[in-house]
Each structure stands twice: as C-alpha cells, then as structure tokens.
Protein chains: 2
Amino acid sequence: MQETGSPKLTEQHRELLDQVLDKWSLQVLDALCERPLRFNDLRRVIPVVTQKSLTAALRRLERNGMVERIVTSTRPVAVEYRITQLGRSLQELIDALLHWTTVTLPAVERARARFDDHA
Amino acid sequence: MQETGSPKLTEQHRELLDQVLDKWSLQVLDALCERPLRFNDLRRVIPVVTQKSLTAALRRLERNGMVERIVTSTRPVAVEYRITQLGRSLQELIDALLHWTTVTLPAVERARARFDDHA
DNA sequence: CAGCATCCATCATGATACTG
DNA sequence: CAGTATCATGATGGATGCTG
C-alpha cells in the first residue's frame with residue numbers, strides 16, 4: 001500500500017492542526033508574521049479577542065514552538081511575542097489556505113445559495 | 001489593491017476555513033477522496049464518529065459545495081456521498097497541511113517537551 | 001439504511017475583578 | 001503592562017431511542 005504523498009491523518013496530526021489552526025491562532029500568526037508584537041498590541045490588532053482567549057492561543061502556540069515569548073525585565077515588564085521559524089513555515093500554508101478561500105469563495109457562495117434554496 | 005499572495009483573513013474567509021477544516025470534515029474529505037462512500041461506510045471508515053457529528057459534517061460540507069449527496073431511490077434508500085471538484089481542490093491543501101505536520105511534528109514535540117519541562 | 005429528536009455532560013467563551 | 005482567577009453561559013459532542 002503505497003500512497004504517493006497521501007497523508008496519514010492520525011490523531012497526532014489532527015491534534016496538531018487543531019492546536020494551530022483555530023480561530024485565534026490564525027490571526028495571531030498572521031499578525032506576528034509582519035513584526036513582533038506585545039500582548040496589548042495583539043489585542044489592538046485583533047480587536048474582538050478577549051485576554052483569556054488571546055492568552056490561551058499564545059500559550060498553545062508557544063508550547064507548540066510556533067511563537068517565542070520574550071520577556072524584558074524592565075520596570076513594568078514588557079513581553080514580546082515573535083513568530084518562530086516553525087511558525088513561518090505554517091504561515092505559508094495558512095496563506096495558501098487563505099488564497100484558496102479567496103479563489104473558491106464565489107463558488108462556495110453559489111453552493112450555499114443552492115443548498116439553502118432547495119433545502 | 002493588489003496583494004500578491006498576501007491574505008486578507010476576513011471573517012468570511014475564517015468562517016469558511018472553520019467550516020471545512022474541522023475535526024470530522026478533514027477525515028470525511030480524506031475518506032471520500034479515494035472513492036464515493038455511503039453513510040454507514042463513512043461511519044466504519046471513521047470509527048469513532050457519532051452519527052450526529054457525521055451528519056453535521058456532511059451537511060456542512062454539502063452546503064459549502066465540497067461533497068455531493070446522491071440519493072438512489074431504491075428500496076431502502078441508498079445515499080452516496082462523493083467529493084466535488086471544489087472538495088478536491090481543498091484536499092490538496094489538506095494534504096499539504098498533513099505533510100507539514102509530518103515534517104514538523106518532531107520539532108513540535110521537542111518544543112512541547114521544553115515548554116512542559118520549564119513551565 | 002440513513003437519518004432526526006432528545007437529553008445530558010463537557011467545554012469553550014465571555015464578563016468581571018484582582019495582581020506582580 | 002501582562003496577565004491570573006472566578007463565575008456564568010452558550011455552543012458542542014456523545015448516548016439513546018425512534019422513523020420513512
């Protein structure tokens with residue numbers, strides 16, 4: 001059974017994708033891709049996120065090696081988040097996904113209209 | 001405004017990705033990519049899915065034009081699900097994602113170990 | 001066979017308040 | 001500034017039973 005380039009889709013792989021492709025992680029990676037940002041910068045860039053969700057997303061991304069957390073022990077501590085090499089490799093795929101949505105959205109919307117009409 | 005390959009990541013795009021990249025949809029598309037399958041076939045191929053979740057995933061995928069639902073009005077009705085052209089275009093990206101997980105999983109696991117040790 | 005309806009547990013999310 | 005802690009709640013997921 002040789003599947004050329006065909007995936008495995010085991011629990012491990014799915015779990016990893018779940019951890020880095022969720023709603024907030026996508027936007028965090030997208031934001032950090034341009035330049036490192038601090039916690040409250042991220043809150044501003046991703047306007048509707050709560051601290052709790054943002055903290056959770058950042059911890060998950062950090063744990064999976066997608067972002068680095070850099071603490072500067074100045075007076076009020078400054079914490080900077082920056083994307084890692086691993087994170088960048090993921091971002092390329094996310095870009096491909098976004099490109100795909102851009103290209104296929106019209107067809108998807110037609111499909112939705114058809115479905116909603118008929119059903 | 002021409003952004004070569006750069007994404008927008010609007011709510012619409014994120015919503016579409018959420019609808020087709022969820023846990024079960026990935027596995028459904030993966031299964032249907034090889035050949036069309038019937039409802040209970042899918043339940044066997046994706047062993048741990050409940051019919052509720054499978055139904056929901058299939059409806060979502062159908063609504064978004066990723067799979068076709070083909071009803072054969074035989075005696076006990078036969079319902080076949082098959083992937084569409086749109087679905088296949090998505091599957092290519094999913095394959096790329098799975099390839100990415102395969103390649104990066106070792107590094108991710110090292111990152112996790114480091115994180116879990118330290119914290 | 002291919003679902004739908006219902007109930008229930010769990011979880012993710014949000015709002016709010018507090019801290020080093 | 002960059003969080004943590006707590007409570008409330010709404011969405012999800014599973015188990016079960018029923019139907020054309």
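Worth knowing before you read on, the calculation uses all heavy atoms, side chains too, and leaves out hydrogens, waters and symmetry mates. Chain letters run A, B, ... following the sequence lines, proteins first and then strands; every chain starts at 1. Model, not experiment: these values are computed from the prediction.
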Specify the residue among A/R60 and B/R59 whose closest nucleotide of DNA chain C lies further upstream toward the 5′ end.
-> B/R59

Is any side-chain heavy atom of B/T104 less than 4.5 Å from a side-chain heavy atom of A/L90?
-> no

Is the closest side-chain heavy-atom distance between B/V108 and A/M66 below 4.5 Å?
-> yes

Short side-chain N/O contact to D/dC1 OP1/OP2 from A/Y81, under 4.0 Å | no

Taking the side chain as C-beta and beyond, is there a heavy-atom pair between B/Y81 and B/D41 under 4.5 Å?
-> no

Between the protein and nucleotides 12-15 of chain D, which nitrogen or oxygen pairs are less than 3.5 angstrom apart?
from   : atom 1 : to    : atom 2 : distance (Å)
D/dG14 : OP2    : B/T50 : OG1    : 3.4
D/dG14 : OP2    : B/S53 : OG     : 2.6
D/dG14 : O6     : B/K52 : NZ     : 2.3

Quick one: label A/R38 by what it contacts on the DNA or RNA (base, sugar-phosphate, nothing), any heavy atom closer than 4.0 Å.
-> sugar-phosphate

For A/L54 and D/dG3, give me the distance from atom CG to atom P, rounded to whole Å.
-> 8 Å

Shared hydrophobic cluster for B/I70 and A/F115 (ILVMFWY, side-chain gaps under 4.5 Å) | no

Are the side chain of A/T84 and the backbone N or O of A/E68 linked by a donor-acceptor pair below 3.5 Å?
-> no

Nearest-Å distance, CG (B/D18) to P (D/dA11)?
-> 15 Å

Ion pair B/K23/A/D18, N-O distance below 4.0 Å = no

Outer limits of DNA chain C sitting under 4.0 Å from a non-hydrogen atom of chain B, read 5' to 3', are C/dC1 to C/dC7

To the nearest Å, give me how far apart CZ (A/F39) and C1' (D/dT4) are.
-> 10 Å

Across the strands shown, which category fits B/R43 at heavy-atom distances under 4.0 angstrom: base, sugar-phosphate, nothing?
-> nothing

Salt-bridged, A/R82 to A/E80, with N to O below 4.0 Å?
-> yes

Does the B/S89 side chain pair with the main chain of B/L86, one donor and one acceptor, at a distance under 3.5 Å?
-> yes

